[in-house]
Protein chains: 2
Amino acid sequence: MSEGVEWALHTCLNLSWAEPGEAVSAARLAAFYRLPAAYLNKQMQALARAGIVSSTPGPRGGFRLARAPEDITLLDVVTAIEGPEEAFRCAGILREGPGGEPDVDYREVCVISQSMRKAELSWRRELAGQTLAGIRATVERRHPHTPGNTRNRFANVKI
Amino acid sequence: MSEGVEWALHTCLNLSWAEPGEAVSAARLAAFYRLPAAYLNKQMQALARAGIVSSTPGPRGGFRLARAPEDITLLDVVTAIEGPEEAFRCAGILREGPGGEPDVDYREVCVISQSMRKAELSWRRELAGQTLAGIRATVERRHPHTPGNTRNRFANVKI
DNA sequence: GCACATATACTCGGATACATGATGTCCGAGTAGTCGTGG
DNA sequence: CCACGACTACTCGGACATCATGTATCCGAGTATATGTGC
């Protein structure tokens, strides 16, 4: 899995702690973890295309969450970065085997494909059940000063 | 996910239908689906290192299942090909953030890492619950002539 | 006819190229704020 | 003093390199079979 997923998840979480209505530039978001700003910007574009964050150009511009954290699931972020295709994509090699029919959709027929898809659906269901709000609540319970620290860092970090 | 996983799964299934004690060469296994033989051979080496198949060189040599199909899970095959690392590997970017401790194992502390791992464990559990024998039984129920067809193809295919 | 040594053909195994996609970088289009100027 | 216009600095967005990994290929080491030969 792409490393951008980890960056995107942490960045969305940090954005949820930003001042309401405040946009945070990719440079500040990247400075948080010493990430390459231009590349993080690229990942943020994917999040923007997926409707997870909204972007505003110009001074005082940057990114902010486009929806409430309750409406952003881990699956949303993963799908935005990794793409909608499933990890195990059955190429339908049975079509090349004996008795292979060119017109059959082997993703539906192939038992192996079904089994792999079942596992992948379980994974997706688990991710879809976790919202950004839930993650945030857990972090705040364990580390109560995190929201203040984050806002502070956004305000004071040198670019 | 690597395409070799699909090849390995189908190939193991086909091997389970081979004559008992018979070894099938990589060339014959690849001809089944018109796959590049040398590359499939490479994947089979990974399965052999994982103890899923055993290999014998020389004429009448090839691969055969090293264990009973009941003892081979989908997770075994996937792990043999893809490696044991989890898909979402938390690089511990929190360590670079404010208050990051160099010695902390952030895979245990980071809430995001925990959530992603929980989903991945669900995926692995699902895969570990499916054995090659189960897959084979389902296929035989739906397509009763598959075992005979497979043995026939192994015997008659031209290399 | 039988046993043995030899030659042969076939197999895996790892070392070696190639292609694709992830990773990283750069510059241009556009906007908000700022400064200067004129009324 | 106020309004307006130009300018500047800052931001995203996409186009352009670079690199790691998956994909594909080839040749050598080793073995079971077949063959030929001597007894």
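In this text, all values refer to a predicted model and were calculated from it rather than measured experimentally.
- A salt bridge links B/Arg151 to B/Glu19: one of the charged nitrogens lies within less than 4.0 Å of a carboxylate oxygen.
- When the side-chain nitrogen and oxygen atoms of A/Ser55 are compared with OP1 and OP2 of D/dG13, one or more of them lie within a distance under 4.0 Å.
- Summarising the geometry, the separation between CZ on B/Phe154 and P on C/dT11 is reported as 14 Å, rounded to the nearest angstrom.
- A cation-pi arrangement, defined by a distance under 6.0 Å to the six-membered ring centre and an angle within 45 degrees of its axis, is present between B/Arg153 and B/Phe32.
- The side chain of A/Lys42 lies closest to C/dT23, out of D/dA32, D/dG22, C/dT23.
- B/Arg67 approaches B/Asp71 most closely through the heavy-atom pair NH1-O, 2.6 Å.
- Regarding A/Leu29, its CG atom lies at a distance of 12 Å from the C1' atom of D/dT11, rounded to whole Å.
- Of the candidate nucleotides D/dT25, C/dC12, D/dC12, D/dT25 has the atom lying nearest to any side-chain atom of B/Tyr39.
- Look at A/Arg49 and you'll find a side-chain N or O under 4.0 angstrom from OP1 or OP2 of D/dG14.
- Taking atom CD of A/Glu85 as the reference point, atom C1' of C/dG21 lies 12 Å away to the nearest angstrom.
- Applying side chain to side chain contact (heavy atoms under 4.5 Å, CB included) to A/Leu15 and the options A/Leu47, A/Val53, A/Ile72, A/Ile52 leaves one that passes, A/Val53.
- Toward the 5' end of DNA chain D, the nearer of the two residues A/Phe63 and B/Ala37, judged by each one's closest nucleotide, is A/Phe63.
- Taking the nucleotide of DNA chain C with the nearest heavy atom to each of A/Met1 and B/Gly61, the more 5' of the two is matched to B/Gly61.
- The side chain of B/Pro59 sits closest to D/dA32 out of D/dA32, C/dT31, D/dG13.
- Side-chain proximity of A/Trp7 to D/dA24, D/dT31, C/dG24: nearest is C/dG24.
- What separates CG of B/Leu40 from P of D/dT23 is a distance of 13 Å, to the nearest Å.
- OP1 or OP2 of C/dT23 lies within a sub-4.0 Å distance of a side-chain N or O belonging to A/Ser2.
- Side chain B/Glu3 to base D/dG22: no donor-acceptor pair is found below 3.5 Å.
- Taking side-chain N and O atoms only, A/Gln45 has a distance below 4.0 Å to OP1 or OP2 of D/dG14.
- Residue A/Gly4 is the one, among A/Gly58 and A/Gly4, whose nearest nucleotide of DNA chain C lies closer to the 5' end (criterion: closest heavy atom).
- In this structure, the nucleotide among C/dC10, D/dT25, C/dC12 sitting nearest to the side chain of B/Pro57 is C/dC12.
- Computed from coordinates, the A/Gln43 CD to D/dG14 P distance equals 14 Å when rounded to whole Å.
- Atom CG of A/Leu35 is separated from atom P of C/dG24 by 9 Å (rounded to the nearest Å).
- For B/Arg64, the CZ atom sits in a packed shell: over 12 heavy atoms of surrounding residues, nucleotides or ligands are nearer than 6.0 Å.
- Across all strands, B/Ala26 comes closer than 4.0 Å only to sugar-phosphate atoms, never to a base (heavy-atom distances).
- A continuous path of Ile, Leu, Val, Met, Phe, Trp and Tyr side chains, each step under 4.5 Å between heavy atoms, connects A/Leu65 with A/Trp17, placing both in one hydrophobic cluster.
- Distance B/Arg60 CZ to D/dA32 C1': 10 Å, rounded to the nearest Å.
- If you measure from atom CG of B/Asn41 to atom C1' of C/dT11, you get 9 Å, rounded to the nearest angstrom.
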